[in-house]
Amino acid sequence: MKLVPDFAKADRILSLDCDFAGTDPQGSNIAFFNRRKPEGKGYKAKPDASSMNRLYSVESAFTLTGGMADHRLRVSPGMVAAVAAQIAREFGVAAEGIPPITDEQQLNWIKALAEDLKASGAKTAVLAGSRQPAAVKHLALAINLALKNIGTGVSAFQTGSTGFGDIAALTADLQSATVETVIFLTPSNPVYDAPADLKFGEALAKAKTSIHLGLRTDATAHACSWHIPAAHYLESWGDARSARGAYTVVQPMILPLYPDCVAELELLLALLSEDGKLVTGEGEEGKPAPALEAVKATFAKDKAAWKNLLKNGFDASDTYASATPELSSSAAADIANAKSASASKDKLDVIFATDASVYDGRWIDNGWLQEAPDPVSKLTWDNAALIAPKTAKELGIYDEIIKLETTFASVGPDGEGQNRKSPMIEVKVNGKTLEIPVLVSFGQAENTIIIPLGYGQGYNDEDELGRDGNANHVGLVGVNRGFDAYPLRTQDTAYFATGATVSLTKKRYPVALTQEHHAMYGRALAREISTAPVDHKGDFKAQLAKVKKQGNDSHAPTNISLYKQEDINGQPLLSDKLHQWGMTIDLSSCMGCNACLVACQSENNIPIVGKEQVAKGREMHWIRMDRYFAVHKDNTFDADNPAMVPQPVACMQCESAPCETVCPVNATVHTEDGLNAMAYNRCIGTRYCANNCPYKARRFNFFDYNKRNPLIKNNLNKGPAGVRQDKEPNHLQKNPNVTVRMRGVMEKCTYCVQRIQDAVIRQKRGQKQEVLASGNLSPEVPVTTETLRIPVDSVKTACQDACPAQAIAFGNLLDKGASEMGRAKVLERSYDLLYYIGTAPRTTYLARVKNPNPAMPDAKFIGQSTIHMV
């Protein structure tokens, strides 16, 4: 049985360490983000605070979900069960064996939360994180049952997934020779990531035959008798089910690049066939691919259904059956045996966390993900132990508490940029030791260490710490990357461990971060307001009216342009009457997940540059995902629990662009449809435009990153003598509609101009086809603005396409209120970033709105990250 939240119907949501917006998805969450917008999906209604949902989060370290929360309670991992039990008691649920919460502030927080959940009744959802123990999941279900929200805020489904074994049972069967042949299907890698006390590698060695199907030759592949190279899922036929059971088909986009690669379904079909013959790619003698035939057989009796499936990609009529959940018979025992103890500096809690880039290690060789900064720590190309500032001071890691905001943004104790080196600590837990660099993490529970998993899979002689071994388990991207924390894990402590000790070593390790100052220093960059009344700021309506007057904009004089906006005839200089492009980014639904960053990199042939260049501030991403922490100066509830506000920043396509006026060769120019365009073949690399850009949204190719492999040591410095990477098959990943830039060229966001031009050409071509179809002469067919203008909201940028929160709206400003972007532009919470400098950007933002519960003890500190900046 599976519980899936229905965010469209859930007015109140409680997350018990469940990062459903990030690394712990619980089904589709589009409805959740739509309900974070006071105007609703598409901005078609007036701002209404009552239409918004309210999110409560209980967690130990910041997650994307915790950053979105209206109320966030930070507790050590061992106390999540205690908080869940205390909430359950408010609903009359017995939670014997777990001691009650005694902290007065936490009790008040829990009581106000429970009252709010009771008031919403069935329109609620309580979620327990996947890594939480059985006790917390039992308690979450008990609260849901007490709220009677099954079928409303929470749906229950019978999946049919029963009778499965686990890794411990497989290990025992291998040890006893009950299992002699084992086949690993992608992306399993238990030799690397199984709990250390299982000693899975030793058990696997006793199997007579072991076969590994995978995209790369990882640790498990090398431990097996055979390795079968796997076809990518974009080359394969298959099927799957969504969280709610909707049947979906996996359709290949291309034929396999390598004919010897095998899809998972193809291998299974070979094992089930009488002759065991393996057929990959297309079928023999012109027949359809066996994998295609197997998927199609599901709809053999209904050709129309098969065609609809291919067209839509899913069949919503074929879903899991609804179920009625009940508490398990083992619930009381599991709750009674739950561990709920507070940590101390001598006995620290350790969280083995899913990494936001490499996940559990399966994407260690993905350069795009390695270079995408962690959404919270902003670390790239490595993992590090995260620890709260006060705990770092108590453990002697730092002499003073590292503050969130320093005087004049002073340099931290570890240096900045390429000179930044973090101290390394020795973590001892479960009888094992790990040396790992440490980073201070704001908003994290005290006496808790967070260690992301998935790194440290192989090292060669170029490793910065001189480690060596298993270099052939990873590719050039993944070698020498980070630190392996899997040896610290056991079956009983797969996600959390207690009793850890930490000592400071004399080593320091260079780290590459894309953001090293985390406060706004009085500048209202990413703006935030509250639906609740705020002293001296007024109610929600009054705060909306003052969004444009936060920060410097509250007292800066009105800008007066030195340039005329019209020609000698009084006509606007931007003469395209068909299209004027613009964008809005809604910070109320943006969670800072980096999906836009990676999508932009894929669409626009943006290279990775490697750890060394990132540390020097030379990353090439056209979208920069800024992340700010903000502490309310009068916070008496939890002063060490700041708000986290993300803000994606790319080229703003300024109407009065400072970059255009300083380019000596006119390489950066304004187009008639409002884009700040780059003539790459004209650019000589003076970098004047980057120096003059107040948003710092331009990127310069210091080296031939696209042509010379930046991951080979000193390769970039060798110039033409360096090892190239623009040969087979790497060049096949490039978008043929976008130029590949070379060394010495400045580049930046162009609103995906290739997509815009494609739509313009298609619109003109469609009109030509209509003329031919009518049989009339071309001069007889009228050409108007309506016939040449692209239909409303028909063009999407790559970042907009990829955004899981639908926080980005792009379109034609001339469509005005007919387009989503046009409606967003006129909202009261719309504002220009750095408005007071007078650049008149085409990209604008919508202020984040928090929806606090006025009865909560921390309510008066919520939604005020920038509201006081005047």
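Here, residue 1 is the first one in the sequence, and each next residue gets the next number.
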* Asked: Looking at Arg829, Lys44, Arg823, which hits salt bridge (Lys or Arg N to Asp or Glu O under 4.0 Å) with Glu39?
  -> Arg829
* If we only count heavy atoms from C-beta on, is the Leu711 to Ile608 side-chain gap below 4.5 Å? -> yes
* Cationic N near anionic O, under 4.0 Å, Glu462 to Lys713 -> no
* State whether the side chain of Arg481 and the backbone N or O of Trp381 hold a donor-acceptor pair below 3.5 Å, judged by distance alone. => yes
* Asked: Side chains of Thr668 and Met746: does their closest heavy-atom pair fall under 4.5 Å?
  -> no
* Asked: More than 12 foreign heavy atoms under 6.0 Å from NZ of Lys378: is that the case here?
  -> yes
* Side-chain (Glu528) to main-chain (Ser865) donor-acceptor, under 3.5 angstrom -> yes
* Could you tell me whether a side-chain N or O of Arg708 sits under 3.5 Å from a main-chain N or O of Leu716, the two making a donor and an acceptor? => no
* For the side chain of Asn605 and the backbone of Arg741, is there at least one donor-acceptor N/O pair under 3.5 Å apart? -> no
* Gln647 side chain reached by Leu833 side chain, heavy atoms, under 4.5 Å -> yes
* How about Glu416 and His517: does a side-chain donor come under 3.5 Å of a side-chain acceptor? -> yes
* Structure fact -> From the list Val547, Val649, Asp832, side chain to side chain contact (heavy atoms under 4.5 Å, CB included) partner of Tyr845 resolves to Val649
* Asked: Any chance the side chains of His518 and Arg627 put a donor and an acceptor closer than 3.5 Å?
  -> yes
* Asked: Within a strict 4.5 Å, meaning less than it, do heavy atoms of the Arg842 and Glu655 side chains meet?
  -> yes
* **Check against side chain to side chain donor-acceptor pair (under 3.5 Å), Tyr628 and Thr866** => CA-CA 11 Å; Tyr628 300 107; Thr866 57; over 6 Å; no
* Taking atom types as modelled, is there a side-chain donor on Tyr43 or Thr584 under 3.5 Å from an acceptor on the other? -> no
* Asked: So, Glu603 and Arg755, do they make that salt bridge, N to O below 4.0 Å?
  -> yes
* Structure fact -> Residues Pro658 and Pro694: closest non-hydrogen pair is CG-CD, 4.0 Å
* Asked: Between Glu464 and Lys421, is there a side-chain N and carboxylate O pair less than 4.0 Å apart?
  -> no
